[in-house]
Protein chains: 2
Amino acid sequence: MMSDENYQSLDEETLFLISQTFKALADPTRIRILHLLFNRELSVSNIAEQLDLNQSNVSHQLRFLKNLRLVKYRRDGKTIYYSQDDEHVMKILQQSIDHATHH
Amino acid sequence: MMSDENYQSLDEETLFLISQTFKALADPTRIRILHLLFNRELSVSNIAEQLDLNQSNVSHQLRFLKNLRLVKYRRDGKTIYYSQDDEHVMKILQQSIDHATHH
DNA sequence: TTATAATATGAATATGTGTTCATGTATTGT
DNA sequence: ACAATACATGAACACATATTCATATTATAA
C-alpha cells in the first residue's frame, strides 16, 4: 500500500482529532475519571468523593470528555450518571495502564 | 488488593508516567514527527524540511520525545539521526491514526 | 412556595506549553 | 587556525490549561 519512499502525510483534520483525543488522556485527573468509569456508571458527586476532587472540577473535566464523546450521561432525578462512550479510547487506556504497571 | 466493586486505583507514579506519555501524543507537531519516524530514521534537518518547521522547534520536540524514551538517536559526523524507540507507543499511534481515518 | 440537593457554568488565576530568536557546541573540511 | 554545517540550548513570549470560587440551573421534597 505504501512504499518506504511514499509517505502519506496526515491531514489537518485527522491530526487535530487525534491530538485532541490524546489530550484527554494527558491529564492525571481525566485518566482517573475514565479509569473509574471503565466498567460502571457513576454520578458526578460519587466520582468527586472517590477521587477526592471538588464537584466543580469533576463537572469541568466531564464536560471536556463529553465534548469529545468519550463519555455519555443519563439523568435520573437530580442525579446525572456518567459512563464511557468510546470503546477504542478505553481500550488504549487499559493497554497503557497494563503496559505501565507490568513494567 | 481489590475492592468489592473490583476497582484497582492507580498509584501516583503510574498515573504520572501514563499522562506524560499521552502528553507526547497530544500535540500535532509531535504526532507528525513520530509519524515520520514510523519506519525510518531521519536527521533533524530532514524532519524540519519535510514538516516545514524551523530547526530549533524540531530539536526541542525531539528532546521532549527523547526524555520519554520514545525516540533514540545516533550520530554520524555532523548529522544526528533520530528513530523510534517505543514499539508500544508507536503501535497505539498507528491504531489511532487508522481509527481516525477509517471513520 | 420555599428549601435543599445535584450538577453546570463563568470568571479569575496560577501554572504549563509550543514556538521563535539568538546564541552555543560539536564536527568536518580547508 | 578558520569557516561552514548540523544540531542543541536558554530566554522570552503568547497562548492553553487545570483548578477553585462564587453563582446559576434543574429537579425533588416539604
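Letters A, B, ... are given to chains in the order of the sequence lines, protein chains preceding strands, and every chain is numbered from 1. Computation of the quantities below employed the complete heavy-atom set of this structure, encompassing side-chain atoms and omitting hydrogens, waters and symmetry-equivalent molecules. Being a predicted model, the structure only gives us computed values, none of them experimental.
- For the pair B:Leu68 CG and C:dT17 C1', the computed distance is 14 Å after rounding to whole Å.
- In this structure, CD1 in A:Ile47 is found 9.5 Å from CG in A:Leu34, a value given to the nearest 0.5 Å.
- When rounded to the nearest whole Å, the span between CZ of A:Phe22 and C1' of C:dG18 equals 19 Å.
- No donor-acceptor distance shorter than 3.5 angstrom exists from the side chain of B:Arg32 to the backbone of A:Leu15, with no hydrogens or angles considered.
- B:Ser59 comes within contact range of at least one nucleobase, with a heavy-atom separation under 4.0 Å.
- For B:Ser96 against A:Phe22, the heavy-atom pair with the smallest separation is OG-CZ, 3.3 Å.
- Note: CG (A:Leu62) to C1' (C:dA6) measures 13 Å, nearest angstrom.
- At the phosphate of C:dT9, OP1 or OP2 sits under 4.0 Å from a side-chain N or O atom of A:Arg63.
- Judged purely by atom type and a 3.5 angstrom limit, A:Asn54 uses its side chain to pair as donor or acceptor with the backbone of A:Asn57.
- In this structure, the CG atom of B:Leu42 is 11 Å from the P atom of D:dC7, given to the nearest Å.
- Partners of A:Thr29 by side chain to side chain contact (heavy atoms under 4.5 Å, CB included), not counting sequence neighbours, listed by chain and number: A:Asp27, A:Ile33, A:Leu53, A:Gln61.
- For B:Asp98, the CG atom is densely surrounded, since the number of other residues' heavy atoms within 6.0 Å is greater than 12.
- Using cut-offs of 30° and 60° for the angle between ring planes, the A:Tyr73 and A:Tyr82 rings count as tilted.
- When the side-chain nitrogen and oxygen atoms of A:Tyr73 are compared with OP1 and OP2 of C:dA6, none of them lie within a distance under 4.0 Å.
- Here A:Tyr82 does not reach the OP1 or OP2 of C:dA6: none of its side-chain N or O atoms lies under 4.0 Å away.
- In this structure, A:Ile47 places its CD1 atom 14 Å from C1' of C:dA8, rounding to the nearest Å.
- Between A:Ile33 atom CD1 and C:dT7 atom C1' the separation is 14 Å, expressed in whole Å.
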Letter by letter from the 5' end, nucleotides 17-26 of chain D scores (B base, S sugar-phosphate only, - none; protein heavy atoms under 4.0 Å) SSSBBB----
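- For the pair B:Arg32 CZ and C:dT19 C1', the interatomic distance rounds to 14 Å; values are reported in whole Å.
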